[in-house]
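Shown next, in structure tokens, is the structure this report addresses.
Keep in mind the model is a prediction, meaning the values are calculated, not measured. Quick note: residue numbers are just sequence positions, from 1.
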Amino acid sequence: MRYLWRKRKSIVVTWLISYSVVLFVPIVISLIIYSQASHALRGEIHRANDSLLKQMRYTIDNQIELMKRLNMEITWNAKLQSLMYSSKPSKEAPFTAYQLVKDFRLYKTSYASIDEFYVVWNRDGSVLRPGNVREMQTAFQTIHDTGALSYAQWLEQLHHPAQDQFVLLPHKDAAQTRTSIAYITQLPKDLNGDDTGTVVVMAGTARFQEAFESISAFSGGRLLILNQEDRILLSNAEDSKPQVQNNLMLEPFMDGGRFRLDAEPAKGSELISIQSAVSGLKYVLILPSSIYWEKAEYVRSFTYISILISLFGAGVLTWFFMRRNYSPIQQLVQSLADKNGQEDHTEWNELRLIQRAILNVHTEKDEIALQLQKHQHVLRSNMLNRLFKGKLDPLVPYEEAFKSFHMELLSDDFAVILFVVENDENLYAKLPGIDDNERSKLMQFIIGNVVEELAVQRQHAGYVVEVDDMMVCLVNLSPSAENVQQQLHEIASEAQQFLSRYEMDLTVSISGKHASWPGIGQAYQEAVDAMEYKMVLGKKGIIAYQDIRRDPAELSRNGYYYPLQTEQQLINFIKTGDFGQASDFMNEITARNFSKPVMSLTLARCLIFNLVGTMMKAIHELGDGDDSLLEDNPLWMDKIIACDTIQEMQAELHLLLQEVCDYASAKRSSNVSKEREGSLRDLTNSVARHIEENFQDMNLNVNAIGERFELKGSYLSKLFKSQTGEGLLDYIHKYRIEQAKPMMKGKRESIAEIARLVGYNDAATFIRVFKKYEGITPGKYKELF
């Protein structure tokens, strides 16, 4: 059993399942075809039965239409209308009724298929028949008294609330059957709202049975006629009484006395229904399923037999071809098993076993190729490193070495492009889950591919390696190259722009053009020297060696510009605490020095340190004897020394300048504020006294007070508010209101007079100001006292 369970993974089982699935497709198609054919056949059967029902409907509807037409003629008969709705004296009614029943005789002759009709006259309590008028009880005994219906039931049928209805009524004079289908219509009510009468038209059920005989070929089926209330009027059963509903075929469709067309047919039966075209009647055909599906049984049996034969034949052919196709694979598996006889037989799927064997071979081959590639990359990097450092080995044929490393030599001319990634720490932080070695290899791979591709686009050959934490590209120049320095600059610029997409900030340096193998070392040293000048020229730029190459004697002779008078002027700006002016002046000094072609690195550092010394001198001159500012910021010099470029040093220098200017400004403010505070206090007291003495003056305002104290009104108000917390105008209004309150408590003066006494031109302004500060009008305030 364990062997068979493992064997389930074999290709034989897989093929067997696959062939079975393929075989399943035509079987499904056959079943679909059978389903569609069965559906079409059922539609044809249904259409045939529907045609028979329509034929029966046509016959019965003709009889129903005659009944309805007679009913309409009786209803609209002028004598009937006169009898039912006329306001003539009652003594004339018998004569009108006599004339009406004479007309009924003509209707009797015209409608020979109508067995009986009459009109119930409610007002007279009589029944009008063709040729006679009878009292209600007598008419019932003459027409309907067969024992199947009582007089009370008959009256209930006549006064049924439905306007038009079809019911079964017994007919005493009928020859073949004692039951008729009656069409009962209620006449419209009179002006008083009373019932006037009822028209009854009857046709014997024998006339309807003739229509049933037209589809009698369906032996065992049931034909039904339903009225508007879905009650059975007539059936093709021998006993056409309503008790036919107890029949087993009808039982699933019956709900009390009603027939449910929406009920689920019983097992073994089919239901077809159709609506009458001229009335509310419905015609229903119920057939046994054996009759309904008789023509489809042959198709069903033939389909099942054909599927069974197909399954048997397909099974035999599947097994034959499966064994035939499996033999080559079995032989191949046997040969692999013989070769690896020491291994355990753990793989039971033959194709997977073959695949695993092939993958093992490919894996071994790839590992060998990878090892060779790794060694080749290391050897190539080592060779280029030695060339860059100028360590040539006379025993090494470099032309052959380049060929062995698949490095094309275009000419004997070389140049070097040096790349330094300035934001490598930020890039490492964006690559979590990768160690530093892998991150470094990834960056080398990206830069190398980009730069080498850009060199090839300009018909040069480029080879990138890492040297001393920098990416170095050896460019073997094309023999037809013109304007080499411009092309090298274009390569560096495009590399910077492209790698910025990967958020790499690069500083690039370019060497000059050199010939032969020793020239590679010279070119590398030039690129390194140019890279050093990023301290002066800034990061993220492109520095060409030919742009910075100058005579050292000339550099030493020029020095830098920073005389003593300039230094003293900067100290004066710092002591005033004006950072903007001091910053502009320091920028002017650095611009004058660094705008020269190229300043040496040593002189640049000296200038920066001199500027730092100037700030320290300014701090001492401000009187900071305890050196508290310097003690609070001990790392100023360390931050400046740690900067990589002059631009970074300048940024730190400006931060230091800001601190020193703020300190100087605070020092000056503390000396001035004491004197200023006393004078402002005296000024505020004088202004307040002036307002209190002149509050009744209607021309007293901010500008007038400003002129009095020889100051601008808005400025004086600002000074007043800084001391008291409120402006001059608010102080004037509040003082005037305080003076007005005692006057209003006395209630002697009017509001207008009080407003004038406290300095307002009109009462409206006084009321508005009073309400603003007190929350109520002056009138309301007076009412409170």
Side-chain angles (χ1 to χ4, degrees), residues 573 575-584 622 658-785:
F573 286 143
K575 288 166 67 177
T576 61
D578 189 348
F579 172 71
Q581 197 170 9
S583 176
D584 292 341
L622 286 171
Q658 178 74 59
E659 293 281 347
V660 175
C661 288
D662 291 344
Y663 173 77
S665 178
K667 191 99 174 176
R668 290 186 68 235
S669 298
S670 63
N671 295 331
V672 174
S673 60
K674 294 178 181 179
E675 300 175 0
R676 180 178 178 81
E677 186 68 26
S679 61
L680 284 178
R681 192 180 303 108
D682 295 339
L683 177 62
T684 301
N685 294 333
S686 299
V687 171
R689 283 196 302 272
H690 179 74
I691 293 172
E692 294 168 2
E693 293 171 357
N694 300 278
F695 74 94
Q696 294 178 330
D697 185 1
M698 296 181 183
N699 295 320
L700 182 68
N701 54 42
V702 174
N703 291 329
I705 298 172
E707 292 177 1
R708 164 68 177 79
F709 290 94
E710 299 180 352
L711 291 172
K712 190 175 180 180
S714 58
Y715 179 66
L716 179 60
S717 179
K718 183 178 180 181
L719 294 176
F720 189 85
K721 186 174 183 179
S722 66
Q723 292 296 315
T724 64
E726 60 183 354
L728 276 177
L729 187 59
D730 288 333
Y731 186 82
I732 294 171
H733 287 317
K734 288 183 178 179
Y735 188 80
R736 284 174 171 174
I737 290 170
E738 291 299 324
Q739 299 305 313
K741 284 181 181 180
M743 300 179 190
M744 287 187 286
K745 291 179 181 179
K747 299 184 180 181
R748 294 187 301 274
E749 297 86 356
S750 64
I751 298 297
E753 188 176 355
I754 293 172
R756 183 179 56 78
L757 291 174
V758 295
Y760 289 102
N761 287 323
D762 57 89
T765 304
F766 173 66
I767 293 171
R768 176 175 55 80
V769 172
F770 192 92
K771 185 175 182 182
K772 174 183 177 182
Y773 290 100
E774 296 297 326
I776 58 175
T777 62
K780 292 288 185 182
Y781 185 82
K782 289 184 70 174
E783 293 176 1
L784 297 176
F785 300 96

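Ring geometry for Y735 versus Y731: interplanar angle under 30°, hence parallel rather than tilted (30 to 60°). Classified by interplanar angle (parallel below 30°, tilted 30° to 60°, perpendicular above 60°), the ring pair H733/Y773 is tilted.
Counting only heavy atoms from C-beta outward, the side chains of R756 and F766 never approach each other to under 4.5 Å. Contact annotation: the side chain of I737 approaches that of V769 to within less than 4.5 Å [non-hydrogen atoms, C-beta and beyond]. The shortest distance between side-chain heavy atoms of H690 and I705 falls below 4.5 Å. Side-chain atoms of K782 and I751, non-hydrogen and from C-beta on, do get closer than 4.5 Å to each other. Looking at heavy atoms from C-beta onward, V687 lies in side-chain contact with F709 at the 4.5 angstrom threshold.
From L729, atom CG reaches atom NZ of K734 across 11.0 Å, with rounding to the nearest 0.5 Å. Between atom OG of residue S750 and atom CE of residue M744 there is a gap of 12.0 Å, rounded to the nearest 0.5 Å. In this structure, CD1 in I691 is found 4.5 Å from CD1 in I732, a value given to the nearest 0.5 Å.
Shortest non-hydrogen contact noted between F720 and A688 is CE1-N, 4.4 Å. For the pair A755 and A763, the tightest heavy-atom approach, listed with the atom from each and the gap, is CB-CA, 4.1 Å. Scanning all heavy atoms of the two residues, the minimum distance from R736 to L700 falls at NH2-CB, 3.7 Å. Looking at every heavy atom in both residues, Y760 comes nearest to M698 through O-CE, 3.6 Å. Summarising the geometry of E749 relative to M743, their closest heavy-atom pair is OE1-O, 3.7 Å, with the distance given to 0.1 Å.
Between the side chain of D762 and the backbone N or O of T765, at least one donor-acceptor pair lies under 3.5 Å. Side-chain N or O atoms of S717 include none that pairs as donor or acceptor with a backbone N or O of G713 at under 3.5 Å.
The only option from T684, L728, N703, V702 that meets the side chain to side chain contact (heavy atoms under 4.5 Å, CB included) definition with L716 turns out to be L728.
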Quiz item: Please walk me through it: do K771 and I776 pass side-chain contact (heavy atoms from CB on, under 4.5 Å)?
Solution: CA-CA 5 Å; K771 185 175 182 182; I776 58 175; 5.9 Å; no

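Between E738 and K741 a salt bridge is recorded (basic side-chain N to carboxylate O distance below 4.0 Å).
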